[in-house]
Amino acid sequence: PNHPPPYNTSINLVAVIMRMWTVLLAALVPCILAANVNIGNGMVEVDVGLNRGEASVGVGVGGASRVELCNVNEESMTGVCVKQGTCNNDYLGTDGINLGLCDQKDSAGIDQYQCCQTVNDCGSKTSSVVSYYQNPSFPAEDRDDVACNIRITARARVCQFRVEFLEFELPRPDGIGVCSAQNHMAILSPGLRSGLLGSSNNRLCGINTGQHVYIPVSPGDDVQFVATLSGVAAVPIALTPQPFASSVSYKWNIRVIQIYCDDPNYPFAYLQAPSGCLQYHTDAFGSLKSFNYDGTSIMAPNQDYAICIRNEGDGPGGRTCSITYRAINFGVPVGGSDAGPCRSGALVTNPLPGVNRECCLNPRSSYVAITGAGAATTFRRYWCGLNFGAGGDQEQITSRIKPFVVNVRAGAHTLADLQSPPGTTEPFIGFSFDYKVDSGICNV
């Protein structure tokens, strides 16, 4: 199938429809748009139209009777509608920033609520429905050594945090893909018993801009975000193969949304991820990347997680047939007995005497698990090595297995596993895919 241009996470069908509706309203009733900040009419494109979300009565914050999310200008300015005068009064554990007026009014129908954004300083604690965690000088970069942590407490009826890395540029991992103790960000939570990325791995570093994760929580859980930076390590400056292009400046801007689970209202019902999914992509086409991906750094070892994709097409009724993945870049480490025969990525089975199993399953190997086939590749489940199957790293794989889930496992590879010949490290840089959910008339 034809693939759309690179996916922009700030644009979706809902946002487009809401924007068209706003233009119509502006033409018919100009006074509607006369407010200082017009919240709730879809004027601004954000990930999932957060300006029109509300939860059930009884879970309001800041004096409101319900939770209504609001945004101004861009996705980095999302807040919650609260009664006027409460935003700057130690709102939910930290001083809020008044972004403007919401459409929602108080119980008397007189005063409009304020759109209140929560930005957490280092060492702060909050329970805001939407909050931001930023480097100390954001939007400017920092280059000093720093230890910066915040805590976010899960509210009643909340079962997930959606953590969105709007900007994330930290020092790159070391030569085998490990984030150093002096330069990383860790996310710690009682719900992450096996670590954020699985296999007791809680650290992120390098480039993760545009990525997101889901954290399972119970009401009252404290989720900690801990950044440790030395200020002297190299930070990649581009997602292109430029091994010498770097600086020591770092920055991050992270949005955390508390998800009221089993709530029928938008956006919480739309955002809630299936159980067991570290990532949940809700659009019919988009991109998937391994964590810490910058096009040159080695894929991190010791990972075990699932990427889930919403099983809903763009056509009438949302019927889907399959999903197609196209590799933009692919280099998933192999080790142990897989190091020789499975290195190219073309073979399905390891032919070594006494092995007699599929490639990618050695404990020192890593894999991306997708059950499907491509034009040059026979049906298989596990993908590893320097190419995405026999068709090379530009191969397209189609899968009809539902739900649409990509399992990622990274083994305990060593430097020797990554080098062939010794002293020359192979480009096991992780993966970057475009995906497209195929809908319409299904050819079974």
With a 4.5 Å cut-off on side-chain heavy atoms, are [Y] and [X] touching?
X      : Y      : result
Leu188 : Val223 : no
Ile397 : Trp383 : yes
Leu278 : Ile307 : no
Phe165 : Leu204 : yes
Val406 : Val368 : yes
Arg364 : Thr414 : yes
Leu192 : Pro216 : yes
Asp434 : Ile328 : yes

Determine the interplanar angle of the His281 and Tyr435 rings, folded into 0 to 90°, and report it as parallel if under 30°, tilted if 30 to 60°, perpendicular if over 60°.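 Because their plane-to-plane angle is over 60°, the rings of His281 and Tyr435 count as perpendicular.
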For residues [X] and [Y], report the shortest heavy-atom separation together with the two atoms involved.
X      : Y      : result
Ile298 : Pro173 : O-CG, 4.3 Å
Ser366 : His413 : OG-ND1, 4.1 Å
Val217 : Gln160 : CG2-N, 3.6 Å
Cys205 : Arg172 : SG-C, 4.3 Å
Leu271 : Tyr214 : O-OH, 2.6 Å
Lys251 : Pro139 : NZ-O, 3.0 Å

Which residue pairs pass the salt bridge (charged side-chain N to carboxylate O under 4.0 Å, His left out) test with at least one member in residues 264-279, sequence neighbours excluded? none
For residues 173-185, which residue pairs qualify under salt bridge (charged side-chain N to carboxylate O under 4.0 Å, His left out), counting only residues two or more places apart or in two chains?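 Qualifying pairs: none.
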For the atom pair [atom1] ([X]) and [atom2] ([Y]), what is the distance rounded to the nearest 0.5 Å?
X      : Y      : atom1 : atom2 : result
Arg409 : Cys384 : CZ    : SG    : 11.0 Å
Ile401 : Thr371 : CD1   : OG1   : 6.0 Å
Thr324 : Asp438 : OG1   : CG    : 3.5 Å
Phe225 : Ile187 : CZ    : CD1   : 5.0 Å
Ile176 : Leu418 : CD1   : CG    : 7.5 Å
Cys116 : Leu99  : SG    : CG    : 7.5 Å

Under 6.0 Å between ring centres, would you say that holds for [X] and [Y]?
X      : Y      : result
Phe268 : Tyr270 : no
Phe388 : Tyr325 : no
Phe138 : Trp252 : no

Please determine whether side-chain contact (heavy atoms from CB on, under 4.5 Å) holds for the pair Val408 and Met299, giving the CA-CA distance in whole Å, both sets of side-chain angles, and the decisive distance to 0.1 Å. CA-CA 11 Å; Val408 179; Met299 182 177 177; 3.9 Å; yes
Regarding [X] and [Y], is there a side-chain donor-to-acceptor distance under 3.5 Å anywhere?
X      : Y      : value
Ser127 : Thr153 : no
Ser432 : Asn329 : no
Thr296 : Asp294 : yes
Ser230 : Asn183 : yes
Arg155 : Tyr260 : yes
Ser124 : Asp121 : no
Thr282 : Arg310 : no

With respect to the side-chain SG atoms, do Cys115 and Cys102 come within less than 2.5 Å? no
SG proximity flag Cys70/Cys81, limit 2.5 angstrom: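 In this structure, Cys81 and Cys70 share no disulfide.
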With side-chain contact (heavy atoms from CB on, under 4.5 Å) as the criterion, how do Val437 and Phe404 come out once you've worked through the C-alpha distance, each side chain's angles and the decisive distance to 0.1 Å? CA-CA 9 Å; Val437 175; Phe404 300 141; 3.9 Å; yes
Could you check whether any side-chain N or O of [X] sits under 3.5 Å from a backbone N or O of [Y], counting only pairs where one atom can act as donor and the other as acceptor?
X      : Y      : result
Asn311 : Ser322 : no
Asn201 : Gly198 : no
Tyr113 : Glu68  : no
Tyr132 : Thr78  : yes
Lys289 : Gly430 : no
Gln258 : Ser128 : yes
Ser290 : Phe431 : yes

Can you tell me which residue among Gln134, Glu164, Gln117, His212 is in a side-chain hydrogen bond (donor to acceptor under 3.5 Å, both in side chains) with Arg255?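 Of the listed options, the one satisfying the test is Glu164.
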From CA spacing to verdict: side-chain contact (heavy atoms from CB on, under 4.5 Å), Tyr382, Leu361: CA-CA 8 Å; Tyr382 304 107; Leu361 298 183; 3.9 Å; yes
Could you please spell out the steps behind the side-chain contact (heavy atoms from CB on, under 4.5 Å) verdict for Phe291 and Gln279? CA-CA 11 Å; Phe291 289 103; Gln279 294 188 310; 3.6 Å; yes
Carboxylate-amine/guanidinium contact Asp263 Arg157, below 4.0 Å: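 Salt bridge between Asp263 and Arg157, a charged N being under 4.0 Å from a carboxylate O: yes.
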Verify side-chain hydrogen bond (donor to acceptor under 3.5 Å, both in side chains) between Asp142 and Ser137, making sure each step is shown before the conclusion. CA-CA 6 Å; Asp142 280 297; Ser137 300; 2.6 Å; yes
Tell me, please, which residues at least two apart from Asp222 pass salt bridge (Lys or Arg N to Asp or Glu O under 4.0 Å).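 Testing Asp222 for salt bridge (Lys or Arg N to Asp or Glu O under 4.0 Å), a comparison that skips the adjacent residues, returns Lys125, Arg151.
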